[in-house]
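Here the structure is a predicted model, which means the values were calculated and not measured.
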Amino acid sequence: MEDSCGAIIHYSLRRAAVLQQQHVEPIEEKSIESIESIEDADVLLESAEEESLEIIQCRDTESSDTIRSNWHEQLSVSVAGSEDKIKWHSLQHGGPLFPPRYKRLPDNVRMCYNGQPMKLSTAAEEAATWYAKLLGRPVLQNAIFQANFFREFRMLMRPNERRIIKDLELCDFERIAQHLQRQKMSQRGVGQHRKLLEQHHFGLCCIDGELEMIANYRIEPAGIFLGRGKHPLMGALKHRIRPEDVTINCSPYAVPAAPAGHHWKAVQHDQSVVWLARWRDSVTLGYKYMQLSSASRLQGKRELNKFELARRVSSYIDRIRQSYWEDWKSPNLMQRQRGVAIYLIDRVMLRVCSDKSELTADCEGCCRLRVEHLNLFMELQGNAYVVEFNFVGKDCTKYRRQVAVNQHVFENLRSFMQRKLPQDQLFDQLTVKMLNQHLRSLMQGLTAKVFRTYNASRLLQSSLDELTRNLTSPEELLNAFAIAHANAAKFCNHQGAQSKLSSHKRAIRAKQLAISKCRRSRANTCRLLQLQQDLDLLQSSLSDAELRSSVALSTSKVNYVDPRITVAWCKKHKVPIEQVFDAALCSKFDWAITAADASFRF
DNA sequence: TAGCACGACTCAGAAAGGTGGTG
DNA sequence: CCACCACCTTTCTGAGTCGTGCT
């Protein structure tokens, strides 16, 4: 309790300091904001193309084409920790794009309080529009959200408004929500052109003579902090970020101009970092960064390094496993805990979970597991030594899994749980730092997170080998590929909220209905036969669909499995890469598509 | 020198936006 | 031809990981 109070006081003081630094004068609108029609956008787009070329002019004389086409062939892979301290030699960009200034609502659109329309101050009205956008979302029912939002909403009101508005329940945002919806519909079409224009202005940078895309050139708009799960700060207001809050990182000769009438918080030329701009989030108080796109050369190099590091684990894995087997039998409690923890990270794919501040949602990982998160079964459904994990993991996703473990692990876990309360730490002698230090002593650059990359990639490769060994037809191959990926995603516990299964089951029900209708109306038998065939096909693919629906496939594809495995598989089976990677993945993994041939093995 | 806070990065699911099929 | 819907892709930004530097 004391700790929690301390954290809250510390947070309040820091937040006050950050907010005090934030400037309040309105930012000048850029010319982009004045676009009302598609024609306007086209005209501006043409001039922007010229301007954008100007922004990215580079002093680097080296031919960028040669660098781009074969950097991955020339690259000698560096192990983690020994990466170059100098990340770039020349860096030029146009600075971030600020969201448009808030435009007041028309006079006939008002928040109603207790049935009476209220004309709010500009700041309070803007906060009301943020809330109105969330109408219908379950998060609005959350008491923490309501309390945080209403407290900060009232702080934006004028004293006379504050005297009247005392209860969020009596605030009616419906008219504002309807107005915003109408506004959105009327602006369809213009948005696309504006986006293209903005991308030309702000979305590109020039790094070491290479034109690259920027991943997030937009400053996050002000709004309501939502967080994940039961975040204690949900509902707090994210303040507007202004040029005076933003630090720019670039070459000394290429400082982008701040918007008219404004200046940057600071400009630095730090070659040891890859961010282009940063600012502090007014709720979490952490830095937010403007960074290069994942398709960029620099990010590609980092990706390659990541996968090469994971690939090296193959040569060390026997030694690593031998080491933690020995730890299980150690008389030293810390070593036993360390051995079991690494086993769980390696074999159950748990994240390590670093220490967290009190002001985050209550989520766990290996080093933060509590006694209450585990159930031990000597025997369960014919399996010996089963551990049931039940906790809330990263992003507040549920982790619920029963795993048959090694007998030594089981007995160690039982001893760690003895004489402890449910809320006590399972690994009370262990810290993340100790664990990673030990891993580094076994293999240079090895940390806990590498196991996820290693295991997911190994699993994909073996699943692909096994499932596609005797297949030749494109449909069968692609289906098997999807299942292999789903296996890897399931292993990583990547969850998707939108269930494709429900639509699959709906399709089956629809066919069943159509068949019975067809039978009743005695329609032609050809139609009936066709429907029956469709139904059989749907039903036979249900179990595959069940697997694929329960997981989010993209996360493991994007982050964990070595793309060269997929590329090699495609080349071996003559499957076009576009059928398994979408456009974004193709450009992100450009290096893998060029580098890997059919014989590549992870 | 240990422990902690923090900076810089990777990883993550949800929401928004786009597309193509169907009635 | 259009409205609607389902599915897929992109964008957004919150949440972890881990090294570094300060006290």
Side-chain angles (χ1 to χ4, degrees), chain A residues 7 10 14 80-81 83 87 133-134 137 139 184 188-189 191-192 195 199 203 215-221 223-229 231 233-234 238 247 249 270 272-275 278 280-281 283-294 298-299 302-303 305-306 345 351-357 359-361 363-368 392-397 431-437 439-440 445-453 456 489 492-500 502-504 506-507 551-560 581-588:
Chain A
H10 180 63
R14 280 193 66 205
E83 239 185 304
K87 305 280 173 41
K133 277 181 198 159
L134 297 175
R137 297 263 286 271
V139 69
K184 200 170 155 186
R188 267 189 190 167
Q192 247 179 318
K195 259 190 184 163
Q199 200 161 17
N216 57 326
Y217 53 87
R218 273 167 221 283
I219 294 279
E220 290 172 16
I224 301 175
F225 177 84
L226 293 174
R228 305 258 163 86
H231 199 295
L233 301 174
M234 60 168 30
K238 286 204 304 180
T247 301
N249 195 36
D270 185 350
S272 69
V273 294
V274 292
W275 54 264
R278 75 172 182 192
R280 234 180 236 289
D281 184 278
V283 175
T284 62
L285 307 184
Y287 279 121
K288 295 281 180 80
Y289 299 90
M290 175 164 113
Q291 284 173 307
L292 290 172
S293 142
S294 59
L298 204 65
Q299 296 296 80
R302 300 176 90 111
E303 286 273 301
N305 279 339
K306 178 179 85 179
I345 287 167
R351 285 189 194 80
V352 61
C353 200
S354 314
D355 289 343
K356 296 170 69 166
S357 130
L359 289 159
T360 55
C363 305
E364 325 300 337
C366 187
C367 288
R368 280 172 56 97
V392 177
K394 183 180 178 185
D395 290 298
C396 293
T397 53
T431 66
V432 175
K433 198 174 177 184
M434 285 151 76
L435 198 143
N436 278 335
Q437 234 161 21
L439 289 175
R440 267 197 304 275
L446 184 63
T447 61
K449 79 193 263 287
V450 181
F451 282 96
R452 282 173 77 80
T453 315
C492 294
N493 197 41
H494 290 147
Q495 298 178 359
Q498 301 139 337
S499 172
K500 288 164 208 145
S502 55
S503 68
H504 202 95
R506 259 204 309 278
V551 294
L553 293 174
S554 62
T555 309
S556 61
K557 228 179 196 178
V558 172
N559 298 308
Y560 284 114
F581 281 169
D582 58 39
L585 283 178
C586 278
S587 59
K588 173 173 177 167

Assess whether one donor atom and one acceptor atom, taken from the side chain of A/Lys433 and the base of C/dC18, lie less than 3.5 Å apart.
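Donor-acceptor pair under 3.5 Å: no.
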Report which part of the nucleic acid [X] touches: base, sugar-phosphate, or nothing (heavy-atom distance under 4.0 Å, all strands).
X	value
A/Val352	sugar-phosphate
A/Thr284	nothing
A/Lys449	sugar-phosphate
A/Arg368	nothing
A/Gln299	sugar-phosphate
A/Ser354	base
A/Ala361	nothing
A/Lys133	nothing

Among [options], which is the nearest nucleotide to the side chain of [X]?
X	options	value
A/Gln291	B/dG13, B/dT10, B/dC6	B/dT10
A/Ala584	B/dC11, B/dA12, C/dT10	C/dT10
A/Arg302	C/dT13, C/dG16, B/dC9	B/dC9
A/Lys87	B/dC9, C/dC18, C/dG14	B/dC9
A/Arg137	C/dC18, B/dA16, B/dG7	B/dA16
A/Ala552	B/dC9, B/dG13, C/dT10	B/dG13
A/Lys184	C/dT13, B/dG17, C/dA15	B/dG17
A/Arg278	B/dG13, B/dG7, C/dC18	B/dG7
A/Cys353	C/dT17, C/dT9, B/dA12	C/dT17
A/Trp275	B/dG7, B/dC9, B/dG13	B/dC9

Can you tell me the base-pairing partner of C/dC1? Count Watson-Crick or G-U wobble geometry only, both distances below 3.5 Å, and say none if there is no partner.
none
[X] has an atom [atom1]; how far is it from atom [atom2] of [N], in whole Å?
X	N	atom1	atom2	result
A/Asn216	C/dT13	CG	P	9 Å
A/Leu233	C/dA15	CG	C1'	13 Å
A/Asn249	B/dC9	CG	P	9 Å
A/Glu364	C/dG16	CD	P	9 Å
A/Lys288	B/dC6	NZ	C1'	16 Å
A/Tyr289	C/dA15	OH	P	16 Å
A/Asn559	B/dT10	CG	C1'	7 Å
A/Phe225	C/dC12	CZ	C1'	13 Å

Where do A/His231 and A/Leu359 come nearest, in terms of heavy atoms and distance?
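Shortest heavy-atom contact: CE1-O, 3.3 Å.
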I'd like to check the salt bridge (charged side-chain N to carboxylate O under 4.0 Å, His left out) partners of A/Arg228; sequence neighbours left out, ordered by chain and number.
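Salt bridge (charged side-chain N to carboxylate O under 4.0 Å, His left out) list for A/Arg228, sorted by chain: A/Asp395.
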To the nearest 0.5 Å, what is the distance between [atom1] on [X] and [atom2] on [Y]?
X	Y	atom1	atom2	result
A/Leu233	A/Leu226	CG	CG	12.0 Å
A/Thr453	A/Glu303	OG1	CD	9.5 Å
A/Asp582	A/Lys557	CG	NZ	7.0 Å
A/Asn249	A/Ser272	CG	OG	8.0 Å

Assert: residue with more 5' nearest nucleotide on DNA chain C, out of A/Thr447 and A/Ile219, is A/Ile219
Residue whose closest nucleotide on DNA chain C lies nearer the 5' end, A/Arg351 versus A/Arg218
A/Arg218
I want to confirm an ordering. Mapping A/Val274 and A/Arg452 to their closest nucleotides on DNA chain B, which one lands closer to the 5' end?
A/Val274
When you measure from the side chain of A/Asp281 to the backbone of A/Lys238, do you find a donor-acceptor pair of N or O atoms at a distance under 3.5 Å?
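No, A/Asp281 side chain to A/Lys238 backbone: no donor-acceptor pair under 3.5 Å.
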